[in-house]
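Keep in mind that the numbers below use all heavy atoms, side chains included, and drop hydrogens, waters and symmetry copies. This chain uses plain numbering: 1 for the first residue, then up along the sequence.
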Amino acid sequence: MNATQTLVALWTLVLKEIKRFTRIWPQTLLPPSITMAMYFIIFGNLIGSRIGDMDGFSYMDFIVPGLIMMSVITNSYSNVASSFFSNKFQRSVEELMVSPMPNWVILSGFILGGMARGLGVGLIVTIVSLFFTRLTVEHPLLTVLVVVLTSALFSLGGFINALMANKFDDISIVPTFILTPLTYLGGVFYSISMLPNFWQGVSMLNPILYMVNVFRYGFLGVSDIPVGWALTAIFAFIIVLFFVALTMLERGKGIRS
C-alpha cells in the first residue's frame, strides 16, 4: 500500500469507529454525562460543602479535573475493548487481517476511535461541570496534551484486553477489578498529601495518579507529584503498550486458533 492508500484505510477505520459509538449515543455518550452530574451534585455540592477546601481550592474545583479524567479513561478503554472484541466475535476481524493494511494501521484505527469517544465524553463532562463551577485553566497546552495521551494509553489497554478476551465477560474483568479501583485510588477525590507516608509511597505505584495530577495541574496549577516525572511515565506506558499490542496483533494472539 502506498501512503495515500494507507491514509484512506486509516481514516476509514477511524470513521467506522466514530459512527459506531455516535449511532448509539444514548448508550455511549449520555450515561457518562448523567453519572458525572451525580458526582458533581453528591460529592461536589453536598459532601464538598462539609469538607471545605482542598489544597487551597474549593472541593468542587479540586475534583472536577479528576472526574473529567475518569470519564476519559473509562470511555477510551471500554470503547476499544468492546469494539475490537465484537469484531473478533463476529469474525469480521479476519477480513482486516487478510487485507493489505499494515497491522499498525489496524491498531491505530481502533486506538484513534477509542480516543475520539474518550475525548468526546470528556468534553461533554467538562460542559456539564460548568453548571456547577467556574473552570480556570492555568496551562491549556499541558491540559490538552495530557488528556490526549491518557485517552491513547487506555485505548491501547482496551485493545490488549480485547485481544486476550475469550468471551464477553472477559472484557469487563479488567475495568471492574483493576481499572475502577485504581481510578478511585488515583487522587480523584483527595490529595495524597493527606495520607500517611507509607500509603503515599503505595499510591505512587498507581499510574492513574500521575495522569490525574498532571491534568489537575493544567487546570489549577497544583500537583502532588512532579509534572515532568508524570509526563515521562505516561509516554513510557504508551510506547510499551503500543509495541505489546502490535506484537500481539502480528502474532495473531487471541485471533488465530
Side-chain angles (χ1 to χ4, degrees), residues 21-22 25 28-79 114-155 179-180 182-194 206-231 233-234:
F21 71 78
T22 53
W25 64 268
T28 56
L29 302 180
L30 187 59
S33 61
I34 296 175
T35 301
M36 289 301 122
M38 294 298 101
Y39 277 117
F40 292 138
I41 293 172
I42 297 172
F43 287 93
N45 284 341
L46 301 180
I47 298 178
S49 61
R50 296 177 179 271
I51 293 177
D53 290 349
M54 184 79 68
D55 282 357
F57 297 90
S58 70
Y59 190 66
M60 175 66 83
D61 290 343
F62 183 84
I63 66 172
V64 163
L67 291 175
I68 295 172
M69 184 60 77
M70 185 166 71
S71 66
V72 171
I73 288 172
T74 54
N75 283 276
S76 298
Y77 191 98
S78 62
N79 188 80
M115 291 173 63
R117 176 176 165 185
L119 296 174
V121 172
L123 179 60
I124 293 172
V125 173
T126 302
I127 294 172
V128 170
S129 71
L130 295 176
F131 291 95
F132 300 93
T133 186
R134 288 184 59 188
L135 291 179
T136 57
V137 183
E138 295 289 334
H139 307 282
L141 294 179
L142 179 63
T143 303
V144 173
L145 174 64
V146 70
V147 75
V148 170
L149 292 176
T150 300
S151 64
L153 175 60
F154 284 93
S155 293
L179 197 57
T180 299
L182 287 179
T183 301
Y184 280 103
L185 297 174
V188 173
F189 298 102
Y190 60 88
S191 169
I192 64 169
S193 61
M194 301 172 61
N206 183 355
I208 294 179
L209 176 72
Y210 296 85
M211 303 162 202
V212 170
N213 269 271
V214 176
F215 195 59
R216 181 175 289 129
Y217 180 83
F219 275 92
L220 306 178
V222 297
S223 175
D224 292 327
I225 55 179
V227 174
W229 291 4
L231 285 176
I234 296 171

Could you tell me which non-hydrogen atom of Met211 sits nearest to which non-hydrogen atom of Val146, and how far apart they are? O-CG2, 4.1 Å
Side chain to side chain donor-acceptor pair (under 3.5 Å) against Tyr190, all qualifying residues, sequence neighbours excluded: none
For Tyr210, what residues pass the side chain to side chain donor-acceptor pair (under 3.5 Å) criterion, not counting sequence neighbours? none
Can you label the angle between the Tyr184 ring and the Phe189 ring as parallel, tilted or perpendicular, going by 30° and 60°? parallel
By the ring pair (Phe, Tyr, Trp, His ring centres under 6.0 Å) test, which pairs, at least two apart or in different chains, include something from residues 48-76? none
CG-CG distance between Leu231 and Leu142, expressed to the nearest 0.5 angstrom: 6.0 Å
Looking at residues at least two apart in the chain, or sitting in another chain, which of them share a side chain to side chain donor-acceptor pair (under 3.5 Å) with Thr133? Asp61
From Asn75 atom CG to Arg117 atom CZ, the distance as rounded to the nearest 0.5 Å: 4.5 Å
Expected output: side-chain Ser33 to main-chain Ile124 donor-acceptor under 3.5 Å: no
Report the C-alpha separation of Phe219 and Ile68 in whole Å, then their side-chain angles, then the decisive distance to 0.1 Å, and conclude whether the side-chain contact (heavy atoms from CB on, under 4.5 Å) test is met. CA-CA 11 Å; Phe219 275 92; Ile68 295 172; 4.3 Å; yes
Ile192 CD1 to Leu209 CG distance, which is reported to the nearest 0.5 Å: 5.0 Å
Euclidean distance, Ser58 OG relative to Phe132 CZ, rounded to 0.5 Å: 13.5 Å
Any non-hydrogen side-chain atom of Met69 less than 4.5 Å from a side-chain atom of Arg216? no
How far apart are the closest heavy atoms of Gly66 and Val188, and which atoms are they? C-CG1, 3.7 Å
Are Leu67 and Phe40 side-chain neighbours, meaning at least one heavy-atom pair lies under 4.5 Å? yes
Nearest heavy-atom neighbours spanning Gly186 and Val212: O-CB, 3.6 Å
Got Tyr217 and Thr143 here, is their nearest side-chain heavy-atom distance under 4.5 Å? no
Considering all heavy atoms, the nearest Phe215-Pro65 contact: CD2-O, 3.2 Å
Report the C-alpha distance between Leu179 and Ile208 in whole Å, list the side-chain angles of each, state the deciding distance to 0.1 Å, and finish with yes or no for side-chain contact (heavy atoms from CB on, under 4.5 Å). CA-CA 9 Å; Leu179 197 57; Ile208 294 179; 4.1 Å; yes
Minimum heavy-atom distance between Thr28 and Phe21, given as atom pair plus value: OG1-O, 2.6 Å
In chain order, what residues pass the side chain to side chain donor-acceptor pair (under 3.5 Å) check against Asp224, with sequence neighbours excluded? Ser191
Could you give the distance from CG (Leu145) to NE2 (His139), rounded to the nearest 0.5 Å? 13.0 Å
To check you understand the geometry: which heavy-atom pair defines the closest contact between Ala37 and Val128, and what is its length? CB-CG1, 4.0 Å
Rounded distance (nearest 0.5 Å) linking atom CD1 of Ile73 with atom CZ of Phe154: 4.5 Å
Partners of Leu119 by side chain to side chain contact (heavy atoms under 4.5 Å, CB included), sequence neighbours excluded? Val147, Val148, Ser151
